[in-house]
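So the structure is just underneath, and the comments pick up after that.
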Amino acid sequence: MEQIYNFSAGPAVLPKEVLQQARDEMLDWHGSGMSVMEMSHRGKEFMAIAAQTENDLRELAGIPQNYKVLFLQGGASSQFAMVPMNLLRGKTSADYINTGQWSTKAIEEASRYCSVNVAASSADANFTYVPPQSGWHLNSDAAYVHYTSNETIGGVEFQWVPQVDVPLVVDMSSDILSRPLDITRFGLIYAGAQKNLGPAGLTLVIVREDLLGKPLPGTPTLYDYQIHAQNDSMYNTPPTYAMYITGLVLAWLKKQGGLAAMEKINIAKADLLYNYLDSTDFYHCPVAKADRSRMNVPFTLKDSALDGEFLKQAQHNGLLQLKGHRSVGGMRASIYNAMPLEGVAKLVAFMKEFASHHA
Ligand SMILES: *Cc1c(COP(=O)(O)O)cnc(C)c1O
């Protein structure tokens, strides 16, 4: 079989070894006679899988004991509401940083529950940069500050962690575990799994314990973090199979050497692609250099009439799902943890070849 590289933004590529292990364990997990999909979430087999998954995540990300790890459903989009419902804690406003389409969605949803102060925005430049913190207009009475560490569509990523005096909340859906992180800087981290963690269906929340227990009146039971924390994410059925696959991904990450090792590889992959983009005027990346994402690389062709041909030939060469988001156009190469360096090298070689034929 020809080597295929999948550049999808999400659901996205998974490590091949993980898929192979899942295949091997599909019908009979560890001699249990059951597929993981068929197990009770309260049985000893699945309880062991869940515990291992949480332990590996805690070890990889260095999560302190005073933080809860929650395995939820509903996608990162459900967190756009769950965050204000739980973290306003009697206050009536929150600060948001707007760096693109996902921040904008978070802001729109939070506006249903509180007065949102957009403390900074890069809308003035079509969301192609991160506003430096020196220019932010934070509200001293905000319940929390929310930002999106990596804008999956725009390809804009914070290369630094904001310094604020209230709980810092981050949507890390598309760059979680791509580099080491200091959990203690955050009040709450959330991420849909299907970009950089595992399959769709699982939403991960890491939250500081003292922020729990004061939901807005009327908050649905399933939207109350405290309920999930008190029940070890088993108040109702968690997304068991997605947790299992995520567990395999975490074990794979440990085998790669952990987050510091992943960061090195991710930098090498991103440098390879951006250095080429900057070396030619056949292609163009619109994002400010300092704020370019290591995970999602948007680029355009000088002549957009060639887009269709580019995608067709890329596919023919085993380079899949490079079409940019429908709202942006052009191309986007998502190069998450599971994308090997060889995949990016093959993409760059193809891009050079294509440019030389169409210059
Ligand atoms: C994909 C994505 C979302 C939405 O995730 P769903 O799981 O589809 O709700 C939110 N934020 C970011 C940064 C994303 O990349």
Side-chain angles (χ1 to χ4, degrees), residues 6-14 70-85 94 96-112 116 121-123 127-130 144-159 161-162 168-179 181 186 188-207 222-223 228 233 238-239 241-243 245-246 249 266 287 291-298 321 323-328 332-339:
N6 175 3
F7 294 90
S8 171
V13 59
L14 287 164
L70 309 179
F71 298 103
L72 308 180
Q73 310 201 36
S77 303
S78 66
Q79 297 309 307
F80 297 163
M82 224 164 151
V83 163
M85 284 176 145
Y96 278 70
I97 311 305
N98 193 354
T99 50
Q101 295 199 31
W102 290 117
S103 312
T104 302
K105 286 216 163 124
I107 288 166
E108 282 166 6
E109 188 69 8
S111 303
R112 298 160 55 101
V116 169
S121 167
S122 53
F127 297 121
T128 49
Y129 72 102
V130 171
Y144 58 87
V145 176
H146 178 284
Y147 77 110
T148 307
S149 55
N150 184 58
E151 286 284 355
T152 320
I153 296 171
V156 171
E157 185 177 27
F158 279 73
Q159 305 299 337
V161 175
L168 184 61
V169 176
V170 61
D171 176 356
M172 248 185 219
S173 291
S174 50
D175 66 349
I176 190 165
L177 305 192
S178 66
R179 61 176 78 197
L181 78 169
F186 301 93
L188 187 147
I189 297 169
Y190 64 90
Q194 72 272 23
K195 277 54 181 261
N196 207 25
L197 280 178
L202 168 66
T203 308
L204 180 71
V205 172
I206 302 167
V207 57
L222 277 174
Y223 267 51
H228 294 288
S233 304
Y241 199 75
M243 286 171 70
I245 299 286
T246 299
V249 171
N266 287 329
V287 181
D291 307 318
R292 286 177 172 178
S293 170
R294 293 177 189 163
M295 299 280 102
N296 311 96
V297 183
Q321 309 210 62
K323 195 173 170 38
H325 190 269
R326 53 188 147 66
S327 65
V328 180
R332 174 176 45 170
S334 296
I335 51 176
Y336 298 120
N337 280 345
M339 171 62 63

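All ligand and atom numbering here is 1-based and tracks the order in the structure. Heavy-atom basis, side chains included; hydrogens, waters and symmetry copies ignored.
A donor-acceptor contact closer than 3.5 angstrom is absent between the side chains of Thr99 and Thr148. Ser173 and Asp171 share a donor-acceptor pair across their side chains, judged by distance under 3.5 Å alone. Asn266 and Ser178 form no side-chain donor-acceptor contact under 3.5 Å, judged by distance and modelled atom types alone. No hydrogens or angles considered: nothing links the side chains of Thr203 and Gln79 as a donor-acceptor pair under 3.5 Å.
How far CD1 of Ile206 is from CD1 of Ile176: 4.5 Å, rounded to the nearest 0.5 Å.
The shortest N or O to N or O distance between Ala76 and ligand 1 is under 3.5 Å. Remark: ligand 1 and Gln194 share an N or O pair separated by less than 3.5 Å (distance only, no angle test). In terms of polar-atom proximity, Thr152 is counted as a contact of ligand 1, with an N or O under 3.5 Å from an N or O of the ligand.
Taking every heavy atom of Gly75 and a limit of under 4.0 angstrom, the matching atoms of ligand 1 come to 7 (O), 9 (O). Atoms of ligand 1 lying under 4.0 Å from any heavy atom of Phe80, numbered from 1 in the order shown and given with element: 10 (C).
Closest to atom 11 (N) of ligand 1, if we only count protein heavy atoms, is Asp171 OD2, 2.6 Å. Scanning the protein for heavy atoms near atom 1 (C) of ligand 1, the closest one is Lys195 NZ, 1.4 Å.
At least one heavy atom of Ser77 sits under 4.0 Å from some atom of ligand 1. Look at Asn150 and you'll find a heavy atom under 4.0 Å from some atom of ligand 1.
Using a 4.5 Å heavy-atom cutoff, the side chains of Val328 and Gln101 are in contact.
Evaluated for a side-chain contact (heavy atoms from CB on, under 4.5 Å) with Glu157, the options Arg292, Glu151, Arg179 yield exactly one hit, Arg179.
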